[in-house]
Visitor: 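Before we start, here is the structure in question, set down as structure tokens.
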Amino acid sequence: MPTRLTPILALAAALILPAHAAKPFQGPDLSGVYDCTGQDAKEGPYTAVVTMALEKSQSVGAYGAYAFKMDVPDFGTYLGQAVATGSHIAITFALTDPSTKDYGTGLGTVSVRKGKASFQKFYYEAEFKGGNHGFERCVRR
């Protein structure tokens with residue numbers, strides 16, 4: 001029985017896999033350097049510079065995958081990743097000093113007007129100083 005099943009499974013896989021083949025990335029490329037202002041519930045107002053770079057090999061159809069870096073003067077560098085589609089962006093981030101437990105997830109709205117991209121996000125950090133959240137607005141240079 002297993003010998004007859006193997007060709008059937010191979011045929012089924014051949015029929016299914018092309019339907020799931022990745023389409024080239026067709027969404028707006030949000031790569032670039034962004035100037036940001038934010039309001040953190042524990043730390044107060046801040047400024048930051050965000051750099052996002054499209055990961056072409058992981059971006060498909062309308063879905064973009066990005067390397068994410070945020071530099072906050074006098075505080076540190078956060079590294080992470082972002083995914084975006086349409087007007088939505090999700091970001092994970094972590095301060096490079098893990099002892100602070102300063103890491104979290106952000107959800108935002110993207111806008112592209114006259115070629116200038118921006119995003120606004122809400123973020124949540126479950127472990128930073130007993131729990132934290134904030135808001136941020138970033139505009140591409």
Side-chain angles (χ1 to χ4, degrees), residues 1-73 75-141:
M1 186 83 156
T3 56
R4 278 198 237 167
L5 190 54
T6 303
I8 292 170
L9 289 175
L11 178 60
L15 294 173
I16 293 170
L17 289 179
H20 295 290
K23 295 178 182 178
F25 178 61
Q26 299 169 3
D29 185 351
L30 301 176
S31 296
V33 178
Y34 293 74
D35 294 310
C36 306
T37 57
Q39 181 66 40
D40 186 274
K42 299 282 170 113
E43 299 295 324
Y46 65 92
T47 61
V49 174
V50 163
T51 304
M52 292 199 320
L54 182 69
E55 298 287 347
K56 290 180 183 177
S57 66
Q58 302 303 318
S59 300
V60 294
Y63 299 92
Y66 299 87
F68 177 89
K69 178 182 177 188
M70 182 170 75
D71 291 304
V72 181
F75 205 78
T77 299
Y78 295 80
L79 299 177
Q81 54 202 13
V83 293
T85 186
S87 63
H88 305 289
I89 188 167
I91 300 167
T92 60
F93 56 89
L95 189 64
T96 54
D97 175 3
S99 69
T100 63
K101 296 186 178 184
D102 191 353
Y103 54 85
T105 304
L107 180 63
T109 303
V110 175
S111 174
V112 180
R113 292 195 179 109
K114 296 183 182 178
K116 192 159 195 151
S118 64
F119 63 88
Q120 296 183 60
K121 79 175 185 193
F122 168 76
Y123 62 86
Y124 168 60
E125 300 172 299
E127 295 194 46
F128 182 66
K129 296 187 174 184
N132 190 35
H133 68 277
F135 295 91
E136 189 173 272
R137 176 165 169 70
C138 299
V139 178
R140 187 164 58 188
R141 292 181 179 171

Visitor: Got a sec, which pairs hit disulfide (SG to SG under 2.5 Å) with one end in residues 88-137, sequence neighbours left out?
Guide: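 Found none.
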
Visitor: Could you label the plane-to-plane angle of the F128 and F75 rings as parallel, tilted or perpendicular, counting under 30° as parallel and over 60° as perpendicular?
Guide: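 Rings of F128 and F75: perpendicular, as their planes differ by over 60°.
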
Visitor: Passes side-chain contact (heavy atoms from CB on, under 4.5 Å), Q120 versus F135? Steps please.
Guide: CA-CA 7 Å; Q120 296 183 60; F135 295 91; over 6 Å; no

Visitor: Might you work through the side-chain contact (heavy atoms from CB on, under 4.5 Å) test for I89 and M52, ending with a clear yes or no?
Guide: CA-CA 12 Å; I89 188 167; M52 292 199 320; 4.0 Å; yes

Visitor: Measuring from atom CZ of R137 to atom CZ of F119, what distance do you get when rounded to the nearest 0.5 angstrom?
Guide: 10.0 Å

Visitor: Residues two or more places apart in sequence or in another chain: which of them pass side chain to side chain contact (heavy atoms under 4.5 Å, CB included) with K56?
Guide: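 Once residues adjacent in sequence are excluded, the partners of K56 under the side chain to side chain contact (heavy atoms under 4.5 Å, CB included) criterion are L54.
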
Visitor: Sequence neighbours left out, what passes ring pair (Phe, Tyr, Trp, His ring centres under 6.0 Å) with Y46? Give chain and number order.
Guide: none

Visitor: Strictly by side chain to side chain donor-acceptor pair (under 3.5 Å), give each pair with a member in residues 91-100 just once, sequence neighbours left out.
Guide: D97-S99

Visitor: Under the side chain to side chain donor-acceptor pair (under 3.5 Å) rule, what pairs show up with a residue in residues 34-43, not counting sequence neighbours?
Guide: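 Listed by first then second residue: D35-R141, D40-Y123, D40-N132, E43-K129.
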
Visitor: Quick one: list whatever passes side-chain hydrogen bond (donor to acceptor under 3.5 Å, both in side chains) with D102, sequence neighbours left out.
Guide: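 Expected list: Y78.
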
Visitor: For residues 79-141, which residue pairs qualify under disulfide (SG to SG under 2.5 Å), counting only residues two or more places apart or in two chains?
Guide: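 As it turns out, the disulfide (SG to SG under 2.5 Å) pairs with a partner in residues 79-141, which skip direct neighbours, are C36-C138.
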
Visitor: I need the minimum non-hydrogen distance between A48 and P73, along with the two atoms involved.
Guide: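 Looking at all heavy atoms of both residues, the shortest contact is CA-CD, 4.3 Å.
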
Visitor: Only pairs at least two apart or in different chains count here, so list each disulfide (SG to SG under 2.5 Å) that has a residue in residues 95-131.
Guide: none

Visitor: Please set out all donor-acceptor pairs under 3.5 angstrom arising from side-chain atoms of residues 106-118, sequence neighbours excluded.
Guide:
residue: S111; atom: OG; partner: R113; partner atom: NH1; Å: 3.4

Visitor: Please report, to 0.1 Å, the donor-acceptor pairs under 3.5 Å made by any side chain of residues 58-69, with sequence neighbours excluded.
Guide:
residue: S59; atom: OG; partner: E55; partner atom: O; Å: 2.9
residue: S59; atom: OG; partner: A65; partner atom: N; Å: 2.9
residue: Y66; atom: OH; partner: P28; partner atom: O; Å: 3.3
residue: Y66; atom: OH; partner: L30; partner atom: N; Å: 3.0

Visitor: State which residues pass side-chain hydrogen bond (donor to acceptor under 3.5 Å, both in side chains) with T77; sequence neighbours excluded, sorted by chain then number.
Guide: D71

Visitor: What closest approach, in Å, do R140 and G32 show between heavy atoms, and which atom pair accounts for it?
Guide: CD-CA, 4.1 Å

Visitor: Please tell me if the side chains of Y103 and E127 come closer than 4.5 Å, counting only heavy atoms from C-beta onward.
Guide: yes

Visitor: Restricting to salt bridge (Lys or Arg N to Asp or Glu O under 4.0 Å), what partner residues turn up for E125, sequence neighbours left out?
Guide: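 With sequence neighbours excluded, E125 shows a salt bridge (Lys or Arg N to Asp or Glu O under 4.0 Å) to no residue whatsoever.
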
